Q: 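Quick one: the structure is below, questions incoming.
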Amino acid sequence: MPRKPLPKWVVSNEVSLEREAADYIHLTPSQRAVLVDVLCCDAQRLLAARPDRERALAYRDPLPASSVQLLARLRAEWRAKRAHGS
């Protein structure tokens with residue numbers, strides 16, 4: 001069964017991300033700071049409206065096992081270097 005061509009509006013992930021970020025790429029640091037401030041205020045309002053505010057604030061997204069292993073290896077290497085005075 002032959003595949004139908006994709007609709008013209010279907011684009012790659014890269015193009016999709018470029019389009020989504022287009023309005024923000026050329027902002028100055030001051031303009032970005034204003035956006036961050038607005039987003040933080042919005043987050044505060046959303047959290048204040050949640051009955052589980054404290055649980056939401058306490059949540060930490062767990063690291064993937066590969067990151068945990070890498071961090072353990074890097075810490076061990078650092079401690080070994082420090083123990084040998086390097």
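Heavy atoms only: backbone and side chains are in, while hydrogens, waters and symmetry mates are out. In this text, all values refer to a predicted model and were calculated from it rather than measured experimentally.
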Q: Return the set of residues passing side-chain contact (heavy atoms from CB on, under 4.5 Å) with Asp37 (not counting sequence neighbours), or none when no residue passes.
A: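 Once residues adjacent in sequence are excluded, the partners of Asp37 under the side-chain contact (heavy atoms from CB on, under 4.5 Å) criterion are Cys41.
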Q: Partners of Val10 by side-chain contact (heavy atoms from CB on, under 4.5 Å), sequence neighbours excluded?
A: Leu6, Pro7
Q: Show the atom names and distances, to 0.1 Å, of all donor-acceptor pairs under 3.5 Å that link a side chain in residues 63-80 to residues at least two apart or in another chain.
A:
residue, atom, partner, partner atom, Å
Arg73, NH1, Glu77, OE2, 2.7

Q: May I have all residue pairs that pass side chain to side chain donor-acceptor pair (under 3.5 Å) and include part of residues 16-28, sequence neighbours excluded?
A: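 Qualifying pairs: Thr28-Gln31.
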Q: Could you pull out all residues at least two apart from Arg53 that satisfy side-chain contact (heavy atoms from CB on, under 4.5 Å)?
A: Leu47, Leu57
Q: Checking Arg45 now: which residues fulfil salt bridge (charged side-chain N to carboxylate O under 4.0 Å, His left out) with it, not counting sequence neighbours?
A: Asp42
